[in-house]
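Notes for the one structure printed next.
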Amino acid sequence: MLDDRLLLGIDIGTSSSKGVLVDLAGRIIAEHALPHSFDMPQPGWAEQDADEIWWSDFCAISRALIAKAAIEPGRIAAVAASAIAPTMLPLDENFRPLRPAILYGIDTRAGEEIAEMTATLGEDAIFERTGHLLSAQSVGPKALWYRAHQPELFNKTRKIVTAATYLVFKLSDNFVLDNYVAPYFTPFFDVHQLAWHRDWVETICPLEWLPETRWSIEHAGAVTAKAAEETGIPRGTPVAVGTADALAEAIAAGAVSNGDLMVMYGTTLFLIQTTAKYRPHRDLWASVHLRPGAAILAAGMATAGALLTWFRDELAGDERAAAAATGENAYTLLAEAAAQTPPGSAGLSTLPYFSGERTPINDVHAKGLFFGLTLSHSRAHLYRSCLEGIAFGLRHNIEAMGEADAVPTRLVAIGGGAQDALWLQICSDVTGLPQDVPQQTIGAAYGDAYIAGMAAGIFSDWRPLRESWVRIARRIQPNPEAKAIYDELYSTYRDLYRDNRHHMRQLSRLT
């Protein structure tokens, strides 16, 4: 008898939310997406409302998927959610949000707290216990900032969670955090023991404020009656622990074998390489995978698609007007013009640090920079240089992974930017590495559906993922001539940050 059960995956990203209903062979039965934004109330701050965006999007998408598929909801075998991470969301005694969530590394408000915690606990001790150094990606310094700057709200707090934890709580009434995301609560989590460090946690808050930790593919609970009313998902449906959007993206891309590197081209750029062994690096993020027996080495750039969006909105009025008149995409028009300019953008170099930078420089004070401008440069040169600057950042991170003896053997491109042929080609040319592009690029929600299947016991390994879920549509090969040009320009890219770092810090002090 045909097994007609379906798996539901929903991902809450920085700029949009997406969901899919998938059958057990990996065929998408229905998909739905909603755009949203995040708030920047001050320079360096990035926040989102947990109920108005995260939970509202989740409920709207789940109901839309069930309606689009025209199915009986009882066919849904399990549900899994992923979301931006790590976020810091404080909840009150009734488990309601006390303030908008403070987002991951694009929020750089806690620079002073990073320095304070590092000095108090010791950089070497933090790295030895957690596998990470403190950075804008870390939850601990943001919790310290919250305590120092919003004490009235802090005193009302009873839980500190991340986005996926909050979604699972809304679905099942249970607070759980996956072992992959927990190390990003630096310096609170011991990645070797897979447990919270009570002594370090309680320098900031009570241990009971933090959720229980489990593997991503474990069963977190079941959909409650209240959640069933709001989402349309039947009461009792199994709920997976879930994970961060980036790891779910890696699953969606089939980047699950040792040496596979997922490159997620989104609002930010995120890299996850699957490794057989835990390989920490002081400038990157090492963690466990979504189940025992494997590890990951991750990296992230603070602005990728966000930089291109800024460029479109602030510097490409003509393209936006043309797109509105013709129905074309403004990014497509920008890329077509940029493709007519030569590699190297006629001597123009861009540092893409428009919201600080995460790995491998881990500098909340880093600034964006266009260097080498002349009167002969056009908007097309500027746009191409933005793409090249992001590609140089990708190369910098891959080189850092090599320093940890984790040289990738295969790159897999996924995310919204994977549809941009010029961007992908430039990244392959700069790194000298080919990239596989899967047929299915809907992203993390597709990986969530597979995680739901594992949590429900439908899948026990990666074989169905490799055999039927993920198929490669095309491979991007590097252009040797372009790579030779980029090899010469790469040293300039690296020197620009080193030579201007002190000026960037001075500007931070002034603002």
Side-chain angles (χ1 to χ4, degrees), residues 85-88 90 102 104-105 107-149 154 157 160-162 177-214 244 272-273 275 277-289 292 295-300 302 356-366 397 400-406 501 505:
T87 54
M88 196 215 73
I102 298 175
Y104 52 99
D107 184 290
T108 59
R109 74 183 69 193
E112 292 182 5
E113 287 74 19
I114 291 169
E116 177 184 337
M117 294 185 82
T118 299
T120 300
L121 301 176
E123 184 176 286
D124 292 341
I126 293 170
F127 183 70
E128 182 179 343
R129 278 189 170 189
T130 69
H132 297 189
L133 295 179
L134 292 176
S135 70
Q137 191 79 346
S138 307
V139 169
K142 292 174 181 177
L144 180 58
W145 179 94
Y146 174 54
R147 187 180 73 176
H149 292 271
F154 186 86
T157 302
I160 291 178
V161 300
T162 194
L177 174 67
D178 67 306
N179 288 325
Y180 164 76
V181 173
Y184 294 90
F185 274 59
T186 325
F188 297 153
F189 191 75
D190 186 334
V191 71
H192 307 289
Q193 302 297 323
L194 299 182
W196 298 115
H197 274 301
R198 178 182 290 273
D199 55 340
W200 283 4
V201 171
E202 295 191 341
T203 63
I204 307 296
C205 67
L207 182 64
E208 58 266 24
W209 285 15
L210 299 179
E212 174 190 352
T213 60
R214 299 186 196 172
I272 291 183
Q273 183 177 175
T275 59
K277 296 180 179 179
Y278 178 70
R279 296 186 180 278
H281 185 287
R282 295 178 81 89
D283 297 330
L284 304 175
W285 306 313
S287 189
V288 295
H289 213 284
I296 65 93
L297 189 58
E357 184 56 298
R358 298 192 283 176
T359 63
I361 66 172
N362 295 298
D363 186 354
V364 298
H365 303 294
N397 276 292
M401 289 180 169
E403 294 167 5
D405 293 325
R501 182 169 46 192
R505 290 178 180 273

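Keep in mind that this is a model prediction, so the values were computed, not measured. By convention here, the first residue in the shown sequence is residue 1. Worth knowing before you read on, the calculation uses all heavy atoms, side chains too, and leaves out hydrogens, waters and symmetry mates.
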Practice task
Could you tell me whether the side chain of Gln273 and the main chain of Met401 form a donor-acceptor pair under 3.5 Å?
Solution key: no
Exercise for the section: Quick one: pull up CG in Leu207 and CZ in Arg198 and give me the separation to the nearest 0.5 Å. Expected result: 4.5 Å
Practice task
Might you point out which heavy atoms bring Arg109 and Glu113 nearest each other, and give the distance in Å?
Solution key: O-OE1, 4.0 Å
Handout entry: Within-4.5 Å side-chain heavy-atom neighbours: Leu210 and Val201
Key = yes
Fill in the blank from the handout: Between Ala286 and Pro280, the two heavy atoms sitting closest are CB-CA, 3.6 Å
Handout entry: Expected output: side-chain Trp145 to main-chain Gly111 donor-acceptor under 3.5 Å
Key = no
Exercise for the section: Would you check if Ile272 and Tyr180 make a side-chain contact, meaning some heavy-atom pair closer than 4.5 Å? Expected result: yes
Handout entry: Straight-line distance of Glu112 CD to Ile114 CD1, nearest 0.5 Å
Key = 10.5 Å
Exercise for the section: Indicate yes or no for a side-chain donor-acceptor contact from Gln137 to the backbone of Gly105 under 3.5 Å, with no hydrogens or angles considered. Expected result: yes
Fill in the blank from the handout: Note: Thr359 and Ala299 closest approach over all heavy atoms is OG1-CB, 3.2 Å
Practice task
Report yes if the side chains of Thr186 and Ile126 come closer than 4.5 Å at any heavy-atom pair, otherwise no.
Solution key: yes
Problem - Validation row: Leu194, Phe189 side chains within 4.5 angstrom (heavy atoms) - result: yes
Problem - Residues Lys277, Asp405: salt bridge by 4.0 Å N-O rule - result: no
Exercise for the section: Enter the distance from Leu284:CG to Leu297:CG here, rounded to the nearest 0.5 Å. Expected result: 5.0 Å
Practice task
Starting at CG of Asn179, measure out to OG of Ser287 and round the result to the nearest 0.5 Å.
Solution key: 7.5 Å
Exercise for the section: Indicate the ring-plane relationship of Tyr184 and His132, choosing parallel, tilted or perpendicular according to the 30° and 60° boundaries. Expected result: perpendicular
Exercise for the section: Report yes if some heavy atom in the side chain of Val161 is under 4.5 Å from a heavy atom in the side chain of Leu177; otherwise report no. Expected result: no
Practice task
Decide if the gap between the ring center of Trp200 and the ring center of Phe185 is smaller than 6.0 angstrom.
Solution key: no
Problem - Side-chain touch Pro360/Asn397, heavy atoms, less than 4.5 angstrom - result: yes
Practice task
Output yes when a side-chain donor or acceptor of Thr213 lies under 3.5 Å from a complementary backbone atom of Asp178, and no otherwise.
Solution key: no
Problem - Beyond-backbone contact of Trp285 with Pro183, side-chain heavy atoms, under 4.5 angstrom - result: no
Handout entry: Any donor-acceptor pair under 3.5 Å from Thr157 side chain to Phe154 backbone
Key = yes
Completion exercise
Rounded to the nearest 0.5 angstrom, the NE2-NZ distance for His149 and Lys142 is 13.5 Å
Problem - Approximate separation, where rounding is to 0.5 Å, of Ser135 OG and Ile361 CD1 - result: 11.5 Å
Fill in the blank from the handout: Closest non-hydrogen contact found for Glu357 with Ala302 is OE1-N, 2.7 Å
Problem - Closest heavy-atom pair and its distance - Phe127, Leu133 - result: CB-CD2, 3.6 Å
Handout entry: Side chain proximity check, Asp363 to Arg505, heavy atoms < 4.5 angstrom
Key = yes
Problem - His197 (side chain) donor-acceptor with Asp199 (main chain) under 3.5 angstrom - result: no
Problem - Taking every non-hydrogen atom, the tightest pair across Arg129 and Asp190 - result: O-OD1, 3.3 Å
